Structure formats: structure tokens, C-alpha cells
Number of protein chains: 2
Amino acid sequence: MNGRSAMRLARLQEALAGGGTIRLSEAARLCGVSEMTIRRDVAASDGAMVFLGGRLVMADNPHYAPVYSVDEQKDSHFLAKRRLCERAADFIEEGDTLFIDCGTTLLPLIGLLAGRKQLTVVTYALNVANAVSTLSDVRLVLLGGVYHDASQSFGSDGMEEAIHRLGINRAFISAAGVHEQKGVSCFHFHEVAPKQAAIACAAQRLLVADESKIGVIRPAYFAGLNDFDVVITDGDMAPSPESGGPRIVAA
Amino acid sequence: MNGRSAMRLARLQEALAGGGTIRLSEAARLCGVSEMTIRRDVAASDGAMVFLGGRLVMADNPHYAPVYSVDEQKDSHFLAKRRLCERAADFIEEGDTLFIDCGTTLLPLIGLLAGRKQLTVVTYALNVANAVSTLSDVRLVLLGGVYHDASQSFGSDGMEEAIHRLGINRAFISAAGVHEQKGVSCFHFHEVAPKQAAIACAAQRLLVADESKIGVIRPAYFAGLNDFDVVITDGDMAPSPESGGPRIVAA
DNA sequence: CAAGAAATGTTGGAAAAATAACATTTCTTG
DNA sequence: CAAGAAATGTTATTTTTCCAACATTTCTTG
């Protein structure tokens with residue numbers, strides 16, 4: 001890549017910063033070069049932008065929209081997650097206020113909310129909020145704060161309190177690690193407070209985790225298995241022997 | 001459109017709810033029909049989804065909406081807004097904490113923040129937050145609450161207080177109406193509180209409005225012209241005669 | 001300023017996507 | 001269940017996008 005090429009790329013990236021696409025022809029005109037040069041610029045760049053049917057788009061940085069793509073196997077567990085979310089959606093009732101955790105596990109759940117009546121979704125995740133914001137008939141409450149890139153979510157001091165002020169029927173919680181003895185954990189410590197607050201005040205607590213999480217321990221512990229009413233998973237989990245443990249739903 | 005077709009469309013829409021795209025071939029496989037049928041489904045539908053270079057996308061996904069488009073003229077003021085934002089960006093200094101208002105006027109400003117050091121952006125708008133979230137070197141604080149579709153922004157009781165707890169150097173405020181006598185106004189009442197709070201505590205207050213807003217009055221009044229230190233516009237605005245009025249910057 | 005290198009433009013053909021036309025299957029309905 | 005209609009599949013054609021090859025221009029550097 002050369003200096004002028006970098007300038008052009010920066011200019012285009014600027015134009016795309018607010019989202020959206022630019023036609024190749026317009027990009028060329030905007031930069032005062034031929035279309036071929038724009039193509040070459042983009043091809044030689046770091047992949048921040050890509051062409052999609054003659055239009056220039058910001059590449060799917062995971063910060064925005066995860067691409068559903070089976071053959072490209074970007075997310076090998078997508079189909080599993082979808083199945084899990086279908087099971088999870090069965091628990092939802094009309095008029096519910098749902099807490100939906102961050103991560104990609106619960107994203108397919110959003111699609112299943114379309115058409116349901118009188119739902120409210122509470123979340124602290126940007127990707128979840130974006131998905132819900134497109135559903136005109138679902139109310140969205142986003143718990144704000146400082147943005148954390150790694151988990152596409154927000155954290156703040158007041159979040160715990162904010163959650164307690166809401167009446168949450170069902171909390172759908174995701175996790176990076178689920179261990180029979182060592183409990184449920186995630187990667188990022190700022191997720192602990194909102195997760196715990198949601199678990200503390202929701203009428204029903206549902207843990208959703210695909211098999212890759214089962215038997216795994218991650219740095220930030222946030223709950224024991226018994227803190228959940230339902231565990232939805234496609235992994236190996238022995239049904240609780242004694243009463244009092246969560247109900248295990250296989251997907 | 002027929003029943004099964006509607007089912008397929010719903011299924012695809014579900015898959016796209018989390019954002020992203022589906023290849024035509026995958027969509028066909030997902031629905032168990034040929035690619036041609038999917039094409040026909042989408043063509044006969046209400047336009048909620050569109051094809052973009054062999055991929056299916058939600059039409060309202062701002063990530064894939066055409067931004068700069070001469071023939072499609074979706075936003076005739078795009079170039080003007082870009083110019084305004086270039087002027088606005090001149091005021092930004094290293095280490096600043098910026099309040100950025102909702103709407104589309106200030107969106108091009110985000111692109112101009114890339115590469116600047118030590119910036120923090122405070123906003124209550126989802127589209128602004130999405131744009132900022134892609135900039136790895138800019139800190140983002142999103143003020144959450146209940147989502148309002150019309151302005152793609154959030155509103156909550158505690159927002160005023162939350163803003164007052166932040167140290168804001170510069171507030172970039174947009175408006176739907178700017179009137180010499182009747183002051184500055186917007187469409188939605190929930191925007192009034194955050195705008196006023198930002199104006200109240202920012203060290204520098206900048207109003208950014210293209211010519212279509214000048215001389216216009218909208219339902220929700222939120223400030224007088226004298227509450228601003230700088231007004232950046234490409235419209236007709238007489239420079240303040242007496243001292244004390246805002247500095248007018250033409251773009 | 002000449003020679004070489006790098007960048008950009010132009011052109012033509014390969015690949016992919018969009019569309020049209022027609023064949024086949026599936027669904028109604030009497 | 002036969003006839004017609006609707007839906008879907010298949011194939012061919014057109015259009016568009018993509019890419020490689022070569023031509024031209026612009027930039028370096030001695």
C-alpha cells in the first residue's frame with residue numbers, strides 16, 4: 001500500500017463511518033481515480049472494507065453485524081445456537097420483560113421475538129440492542145455505560161441498581177464456562193455485575209450454553225448452577241439428581 | 001405472495017434479525033427450495049429484505065444502506081452535512097470528551113475522529129454509538145434508557161444526572177429547527193433533557209445545522225441561540241450584532 | 001532530464017448474478 | 001381422479017461485476 005492509496009482508503013472509510021455503502025463508481029468519483037484503482041486499493045488494504053455486489057461496505061468487524069454464513073464457517077456453532085434459542089423461546093410469554101445477556105449465543109433468540117406481542121427486552125449489549133431495535137413491536141431498554149469492545153457491551157456503576165428497578169420476568173444468561181462444581185463463569189469482569197443483578201431479580205433464570213462451554217472454567221465467576229431455574233444446552237449435562245437443581249433442557 | 005412463501009421469508013428474516021447477510025445459496029438450502037424460488041419470494045415481498053451481490057440483507061440495516069448516492073438521492077444534504085462536520089471537527093482537541101447529539105447531521109463527524117488520540121464520545125443515540133464503536137481508539141459512553149425508534153436514541157429519567165456526572169469539553173448539538181427569535185428546537189420531547197443537560201455542563205457548546213433547519217420552528221424547544229458558543233451552518237444566519245451571541249461559522 | 005520504478009488507466013474476457021422463458025411438480029376443486 | 005391453476009425447478013440469456021494483462025502516466029533518483 002502507498003501513501004495516496006492510504007489517503008483514499010481513509011477518505012472512503014470516513015464516508016462509511018456512519019454505516020452504509022458506496023457504489024464503486026461513486027467511490028471512484030469521490031477520490032478522483034478510476035474504479036480499478038479503488039478496487040486495487042481495497043484489495044491491498046487490511047480488509048477493513050470489502051466489496052459486496054459493486055458496493056463498498058465496512059467489513060463485518062465483529063463489532064457490528066455477525067454474518068450468518070454456513071460455508072464460511074465463521075461461527076461453527078451457529079446452527080447449534082439457533083436450536084438452543086428455539087428451545088429458549090418456548091419459555092417466553094406474552095407481555096414478558098426479558099433480560100438478554102451479551103455475546104453471540106443469544107442473538108438468534110431476537111429473531112424469534114418478531115411478531116410476539118407486548119415484549120420488552122432489557123440488555124447491556126450493543127449487538128443485542130441493534131438486533132432488537134429493528135423489531136418495531138418489541139420495546140428495548142439498553143443499559144448504557146462505558147463500551148467494552150471485547151464483549152460489545154456496556155458497563156457502569158449504576159447498572160446493578162438500574163436492573164433492580166426493572167421488573168424482569170425472564171433472564172436469558174449466556175456464559176463462557178459452565179462447570180458442575182465450579183459454577184458458571186465468563187471472560188470479562190464488567191459482565192459480572194449485570195449478570196448477577198439480572199439473576200437476582202428475574203422471576204425465571206435461564207442459562208443458555210452450547211456444548212463448547214460445558215465443563216469449562218473462565219476467569220470471571222458469576223453464579224452457581226443452582227442459581228438457575230433452567231439450563232438449555234446441547235452438551236453433556238447430567239440431570240440434577242437431587243431436587244432443587246435447575247431443569248436441564250436438551251436441544 | 002402465498003403462505004409458504006411468507007413462511008420462508010419469515011424464516012430468513014429471523015436468521016437476519018441479528019444483522020449480517022445470508023448467501024443466496026444458503027438461504028435456498030435453509031428453506032429447502034431452489035435459489036430461484038428465494039429470488040421470487042424476495043421480489044414479491046414487501047421489500048424488507050433485498051439482495052446485495054448475491055447476499056440477502058435486511059433492507060433497513062443501516063450498515064448496508066447506500067449513503068452517498070447521486071442517483072438514489074436518499075439524503076440530499078449528505079454533502080452539506082459532511083462539510084459542516086469538517087468545520088466542526090476543527091474545534092476538537094486531543095483528550096477531549098465530546099457529547100454528540102442524535103440524528104444524522106453529526107454522523108459524518110464520527111469518521112473524522114479516527115486516528116485522533118484520547119477522545120471520549122458521550123451519546124444517547126444508537127446510530128452514533130454504532131459508528132463510534134468501530135473506532136478502536138475512541139472511548140464510547142452510551143447513555144441508555146428506553147429506545148425511541150424515530151430518533152434512534154434512548155431516553156431515561158436519570159440521563160440528565162448521568163450527563164452532569166461527566167466532564168464534557170465540547171457538546172455538538174443538532175436541531176430540527178433554528179430560529180433567530182424562537183430559538184432552537186427538535187421533534188421529539190425526550191431529546192430535550194439530554195440536550196439541555198449537555199448544554200448546561202459542556203465547556204463549549206456547538207450547534208450544527210444545515211440550511212434546511214434555519215428559520216424553522218419544531219415542537220420541542222430546548223435552547224436559545226445565545227446558549228451556544230458556536231453555530232456551524234451553511235444557511236443564512238446573520239452574524240450576531242451585539243457581543244454575547246454565538247460565533248457563526250459558515251461551511 | 002533520462003531511466004527505471006511505481007501508480008494508475010484501459011481494455012477484454014472470465015465469473016457471477018439477475019432475469020426471462022419454459023418444464024415440471026404440487027396443489028386445488030369439481 | 002382429471003383438469004386447471006399455482007408454485008417451483010431447470011435451463012438459457014442478458015447483465016453486471018470481477019480480474020488479469022497490458023498501456024500510459026506519474027513519481028523517484030542518480
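We name chains A, B, ... by the order of the sequence lines, and we start the count at 1 in each one. Heavy atoms only: backbone and side chains are in, while hydrogens, waters and symmetry mates are out. On a predicted model such as this, the values are computed, not experimentally measured, just so you know.
- Base pairing analysis places D:dA21 opposite C:dT10; the two distances defining the Watson-Crick or G-U wobble pair are each below 3.5 Å.
- Geometrically, A:R170 does not engage A:F99 in a cation-pi contact, judged by NZ or CZ lying under 6.0 Å from the ring centre and within 45° of the ring axis.
- A tilted orientation is assigned to the rings of A:F154 and A:Y147, their planes being inclined by 30° to 60°.
- Closest of all the heavy-atom pairs between B:I214 and B:T233 is CD1-OG1, 3.6 Å.
- One finds a salt bridge joining B:E14 and A:R82 here, because a Lys/Arg side-chain nitrogen approaches an Asp/Glu carboxylate oxygen to under 4.0 Å.
- Using a 4.0 Å cut-off between charged nitrogen and carboxylate oxygen, A:D101 and A:K195 count as a salt-bridge pair.
- Counting to the nearest Å, the C1' atom of C:dG13 and the CE atom of A:M36 are 13 Å from each other.
- Between the CG atom of B:L52 and the P atom of D:dT17 there is a distance of 11 Å, rounded to whole Å.
- Taking side-chain N and O atoms only, B:R40 has no distance below 4.0 Å to OP1 or OP2 of C:dT19.
- The distance from atom CZ of A:F51 to atom P of D:dT16 is 17 Å, rounded to the nearest whole Å.
- Per the geometry, CD belonging to B:E35 stands 10 Å off P belonging to C:dA18, to the nearest Å.
- Per the geometry, CG belonging to B:L24 stands 18 Å off P belonging to D:dT16, to the nearest Å.
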Run the side-chain hydrogen bond (donor to acceptor under 3.5 Å, both in side chains) test on B:H190 and B:S153 for me, step by step, so that the C-alpha distance in whole Å, both residues' side-chain angles and the decisive distance to 0.1 Å come before the verdict.
CA-CA 9 Å; B:H190 73 272; B:S153 62; 3.0 Å; yes
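- Note that OG of A:S34 is 6.5 Å distant from CZ of A:R40, once rounded to the nearest 0.5 Å.
- Put simply, CG on A:L9 is 11 Å from P on C:dT8, counting in whole angstrom units.
- For the pair B:D41 CG and C:dT19 C1', the interatomic distance rounds to 16 Å; values are reported in whole Å.
- Pairing for D:dT26 is with C:dA5, a Watson-Crick or G-U wobble pair whose two hydrogen-bonding atom distances lie under 3.5 Å.
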Write out a two-atom table: protein N or O, nucleotide N or O from nucleotides 15-17 of chain C, distance below 3.5 Å.
none

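- As rounded to whole Å, 14 Å separates atom P of D:dT10 from atom CD1 of B:I38.
- Contact check, B:S34 against D:dG9: a side-chain N or O comes under 4.0 Å of OP1 or OP2.
- Under 4.0 angstrom from either OP1 or OP2 of C:dA7 there lies no side-chain N or O belonging to A:S5.
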